[in-house]
Amino acid sequence: MTNLLYLNPNDQNILRNLVNATTHHKWQFTLFARNQIRELIKTERHKKFFQEMLPTLSSAEQNQLNRLLEN
């Protein structure tokens with residue numbers, strides 16, 4: 001995941017998978033995904049993309065992403 005983000009941090013599939021990872025059962029992977037999203041939403045472009053993605057996500061993913069966007 002790190003390599004994919006390094007190669008193309010604007011790939012929508014990678015960003016969707018990153019949000020999906022926030023609901024993973026392994027806490028280390030979840031922590032990694034949350035930290036990556038926190039870094040990405042510092043840019044307005046990524047923040048807007050994640051906000052637009054919200055309606056297409058499951059409720060668990062929406063909850064996680066909303067928490068990250070609010071901070």
Side-chain angles (χ1 to χ4, degrees):
M1 188 75 78
T2 302
N3 292 337
L4 292 172
L5 286 167
Y6 177 76
L7 292 173
N8 189 1
N10 299 316
D11 186 329
Q12 294 181 2
N13 292 323
I14 296 169
L15 298 177
R16 286 183 191 279
N17 288 329
L18 197 59
V19 172
N20 181 262
T22 63
T23 61
H24 198 269
H25 64 278
K26 295 282 187 179
W27 70 267
Q28 295 96 336
F29 191 42
T30 301
L31 179 64
F32 165 79
R34 288 192 317 250
N35 287 336
Q36 291 299 313
I37 292 173
R38 284 184 187 111
E39 285 299 312
L40 289 169
I41 61 175
K42 290 180 180 177
T43 64
E44 192 59 37
R45 179 179 187 204
H46 285 108
K47 187 172 185 173
K48 183 179 178 190
F49 174 77
F50 283 120
Q51 289 170 335
E52 291 172 353
M53 183 195 306
L54 274 170
T56 65
L57 301 172
S58 70
S59 62
E61 292 170 340
Q62 285 179 357
N63 290 338
Q64 290 293 327
L65 188 55
N66 273 327
R67 275 194 239 157
L68 293 169
L69 290 170
E70 289 173 0
N71 292 333

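Pairs of residues two or more places apart, or lying in two chains, that qualify as salt bridge (Lys or Arg N to Asp or Glu O under 4.0 Å) and include a residue from residues 27-41 are E39-K42.
Scanning all heavy atoms of the two residues, the minimum distance from L57 to Q62 falls at O-NE2, 3.2 Å.
Within the model, atoms CD of E52 and CD of Q12 stand 9.0 Å from one another, a figure rounded to the nearest 0.5 Å. Separating the CD1 atom in I37 from the CZ atom in F50 is a distance of 4.5 Å, to the nearest 0.5 Å. To the nearest 0.5 Å, atom NE2 of residue H24 and atom CD of residue Q64 are 13.5 Å apart. With values rounded to the nearest 0.5 angstrom, L15 atom CG is found 10.5 Å from L65 atom CG. Summarising the geometry, atom OG belonging to S59 is positioned 11.0 Å from atom CG belonging to N66; distances are rounded to the nearest 0.5 Å. A distance of 10.5 Å separates CD1 in I14 from CG in L40, rounded to the nearest 0.5 Å.
Residues passing the side-chain contact (heavy atoms from CB on, under 4.5 Å) test with N17 are M1, sequence neighbours excluded.
Between T22 and R67, the side chains place no donor N or O within less than 3.5 Å of an acceptor N or O (distance only, hydrogens not considered).
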Could you go step by step and tell me if L18 and L5 meet the side chain to side chain contact (heavy atoms under 4.5 Å, CB included) rule?
-> CA-CA 9 Å; L18 197 59; L5 286 167; 4.2 Å; yes

Criterion side chain to side chain contact (heavy atoms under 4.5 Å, CB included) on L4 and D11, from CA distance to verdict = CA-CA 9 Å; L4 292 172; D11 186 329; over 6 Å; no

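Residues H46 and N10 meet the side-chain proximity criterion, which asks for heavy atoms closer than 4.5 Å. At a threshold of 4.5 Å between non-hydrogen side-chain atoms, the residues L69 and I41 count as touching.
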